[in-house]
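Worksheet for the structure shown next.
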Protein chains: 2
Amino acid sequence: MTARRPTILDVAKAAGVSKSTVSLVVRGSPTVKAETAKQVRDAMASTGYVYNRAAANLRKSSVGLIGLVINDLRTPFITEFATSVQMTLSAQGYATVIANSDEDGALQAQRVSAMIEHGVSALLITPSYGQEADSFDQIARAGIPCLQALRQGDPRCDLFPFASFDYAQGGVLATQHLIAQGARTIAFVGGLSHRAVTAERMSGYLATLSEARRTPVSFVGGVTRGFGAEIAATICADHPEIDAVLCFNDQVAQGMLSGFMRLGRAVGTDVRIVGFDGMEDRDQTVPGLSAAFCDVARFGRDCAAILLDWLETGEHPSPLRRAPVSLLARGSSLGPIPEETSK
Amino acid sequence: MTARRPTILDVAKAAGVSKSTVSLVVRGSPTVKAETAKQVRDAMASTGYVYNRAAANLRKSSVGLIGLVINDLRTPFITEFATSVQMTLSAQGYATVIANSDEDGALQAQRVSAMIEHGVSALLITPSYGQEADSFDQIARAGIPCLQALRQGDPRCDLFPFASFDYAQGGVLATQHLIAQGARTIAFVGGLSHRAVTAERMSGYLATLSEARRTPVSFVGGVTRGFGAEIAATICADHPEIDAVLCFNDQVAQGMLSGFMRLGRAVGTDVRIVGFDGMEDRDQTVPGLSAAFCDVARFGRDCAAILLDWLETGEHPSPLRRAPVSLLARGSSLGPIPEETSK
DNA sequence: ACTACTATTTGGAACGTTCCTATTGTAATC
DNA sequence: GATTACAATAGGAACGTTCCAAATAGTAGT
């Protein structure tokens with residue numbers, strides 16, 4: 001327990017070579033003779049040697065470690081993104097270290113510090129809301145590449161480029177779709193009023209309605225299934241004229257779907273619903289949930305690629321990137337509930 | 001870009017003090033005079049100093065860093081667990097670093113290596129299936145505390161204690177509940193046959209049925225909503241006698257709920273469903289989903305506490321811990337569908 | 001046998017901290 | 001005014017690696 005961990009020197013002594021040779025073996029250098037390498041490896045095994053990366057990092061400049069700081073570990077959208085990023089980086093030989101800021105600006109700053117101090121080569125961050133300036137100042141000071149994804153915590157795009165989805169376009173597509181399906185009064189439900197994501201998703205909706213000379217109705221204030229169910233009840237009670245809803249996300253949409261069904265309104269015929277994100281198992285609700293689809297797995301790969309390119313070429317990427325959003329039309333917005341037997 | 005990062009020596013020179021003093025300031029020592037400390041801090045700011053933890057770790061033994069290696073970042077159950085662990089550790093002043101093995105034994109070994117080499121003080125791991133022996137040998141070699149959670153990858157409980165839920169008890173509770181609700185033929189649906197978790201969850205079901213002299217029926221082979229929906233169809237077509245199902249997890253249960261509804265069987269009356277985990281928004285399906293409830297947030301806190309205790313006292317924790325599973329009864333298993341006017 | 005290579009191995013000198021043991025400055029005590 | 005005690009600061013030696021220049025061993029050509 002208290003016994004000092006063996007070092008490269010102990011291994012060298014056991015193998016009867018110099019520390020330099022052991023170091024070369026550790027790093028898999030081709031210059032060391034196969035026979036010698038084997039002896040060294042045996043000595044490592046018998047001494048119980050553990051590589052000390054801290055010591056190595058003291059000399060080496062780069063570590064091949066990339067930090068991923070996410071705002072919430074419980075949102076499927078975010079974890080799907082994180083998984084995609086991590087797997088892409090892993091495939092390119094970079095290790096990913098993930099930290100969760102849990103929507104807390106102070107915690108985020110702390111985790112960013114820790115990562116920088118541990119010597120990450122680059123950062124990918126989905127900023128939390130709050131006093132996140134600290135985090136970015138720190139990153140700027142450290143001078144490492146950092147890409148903001150999905151949310152923009154710091155507007156200095158010359159330092160921290162921003163990648164997200166083209167949510168406004170998604171809003172347009174979804175609203176156009178609902179209009180094409182014959183909807184007359186279309187509401188926007190969900191989101192939090194002070195957040196950029198909400199504004200973006202809603203803007204496409206507003207623009208499209210305005211163009212079609214329709215009056216918008218919105219119910220903002222929540223992002224959960226519960227909120228969706230609640231607003232479904234409100235709509236049934238007070239706004240019977242609403243015959244279509246574009247939801248802020250899939251959760252709200254599913255809540256509305258359940259809520260409408262509970263209250264006896266037929267989703268797909270009486271009222272049409274389109275969600276946002278397209279993360280949920282769409283086919284497993286009755287009816288299937290339509291959505292403005294954000295291909296987050298692909299987005300994750302793209303973000304990882306942008307960061308790696310930046311890291312390897314040293315060239316600053318373009319300050320803004322918007323991934324396209326497409327429309328997935330399912331039963332919840334397509335006339336009568338389709339019989340699933342057709343496919 | 002190429003400019004060398006400033007070190008404490010640069011700061012010391014700028015502040016007109018010695019490196020030792022700067023080091024003390026960095027670590028917040030109370031022995032240094034307030035005035036001096038301020039000068040040093042100013043110097044740090046003006047030089048753009050970044051603390052080099054790798055260098056510090058070379059001297060210090062402990063780092064206050066705890067590694068969390070999880071098998072899947074996309075399972076809500078796991079991410080909820082990770083969040084809980086992380087927040088508990090954070091509250092105790094430990095930083096958590098998370099890595100995703102994505103159910104890949106080799107990747108897990110790699111991430112475990114990386115964490116050990118980075119000097120984590122302890123590890124908490126939800127092992128992936130596959131050749132995970134490497135990982136544990138490595139941990140044993142490093143001689144750091146390691147707790148296995150939710151899954152047991154290595155049976156050496158004298159080295160790696162194991163904490164999980166009492167799934168068998170959950171199976172018993174759920175099955176007893178279904179019997180008490182008047183179910184006659186109860187099926188078990190979901191899970192993968194070669195996994196311990198499936199066996200455990202099913203064992204409580206089997207034992208209870210055996211005691212009640214009923215014949216078990218099980219449909220194993222999947223853990224998703226899709227699988228649940230599929231089996232719901234199978235049951236409607238070929239096993240009309242089945243009037244209750246205990247599902248491997250909530251996803252399967254929700255799939256079955258949708259599936260049964262789609263096929264016109266009234267969930268809660270014609271057929272009763274109980275899920276497992278209790279993670280989903282239970283009240284937001286119609287009807288609400290009953291479940292054998294695993295309080296994963298609490299479990300995460302407990303795991304973190306076990307690990308911290310081990311770390312701080314040096315005393316090996318008990319090799320096995322099973323957290324209790326309780327029953328949450330909702331509409332899906334409770335007679336007529338509540339909140340719905342019987343028509 | 002000697003030279004000119006090449007392949008392999010080697011011993012210091014970093015790297016940026018922390019720890020330990022001085023050293024200095026200041027105030028209190030004799 | 002000298003001594004003591006204490007607070008504050010300073011300087012050198014680690015820590016375990018990598019990097020570099022240099023040494024050695026081995027091989028082929030003359």
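Protein chains get the first letters and strands the later ones, always in sequence-line order, with residue 1 at the start of each.
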Quickly work out the [X] [atom1] to [N] [atom2] distance and round it to whole Å.
X	N	atom1	atom2	answer
B/Glu35	D/dA7	CD	C1'	14 Å
B/Leu9	C/dC15	CG	C1'	12 Å
B/Arg53	C/dG16	CZ	C1'	14 Å
A/Asn57	C/dT17	CG	C1'	14 Å
A/Lys13	C/dT10	NZ	P	15 Å
B/Tyr49	C/dG16	OH	P	10 Å
A/Leu24	D/dC19	CG	C1'	10 Å
B/His118	D/dG16	NE2	P	17 Å

Examine [N]: is either OP1 or OP2 under 4.0 Å from a nitrogen or oxygen in the side chain of [X]? Give yes or no.
X	N	answer
B/Arg27	C/dT17	no
A/Thr31	C/dT9	no
B/Ser18	D/dT9	no
B/Ser20	D/dG11	no

Stepwise side-chain contact (heavy atoms from CB on, under 4.5 Å) check, A/Arg301 with A/Val85: CA-CA 6 Å; A/Arg301 288 195 294 274; A/Val85 168; over 6 Å; no
Selected nucleotide, minimal atom distance to [X] side chain, candidates [options]:
X	options	value
B/Ile8	D/dT17, C/dT17, D/dT9	C/dT17
A/Lys60	D/dT17, D/dA10, D/dC19	D/dC19
A/Val32	C/dT9, C/dT17, D/dG16	C/dT9
A/Lys19	C/dT9, C/dT17, C/dG12	C/dG12

Sugar-phosphate only, base, or nothing, as touched by B/Val50 at under 4.0 Å among non-hydrogen atoms: sugar-phosphate
Touch class at under 4.0 angstrom, heavy-atom based, for B/Thr7 against every strand present: sugar-phosphate
Min side-chain heavy-atom separation B/Ile8-B/Met44 under 4.5 Å: no
Under-3.5 Å donor-acceptor pair between B/Lys33 side chain and C/dG25 base: no
Under 3.5 Å donor-acceptor pair, A/Arg59 side-chain atoms to D/dT18 base atoms: yes
Aromatic ring pairing A/Phe299/A/Phe81, orientation class (parallel under 30°, perpendicular over 60°, tilted between): tilted
Non-hydrogen atoms of A/Asp154 and A/Phe136 that approach each other most closely: OD2-CB, 3.2 Å
B/Leu58 vs B/Val17, nearer the 5' end of DNA chain D by closest nucleotide: B/Val17
Backbone of A/Pro161 reached by a side-chain donor or acceptor of A/Arg156 within 3.5 Å: no
Pair B/Asp10 + B/Lys19: basic N to acidic O under 4.0 Å: no
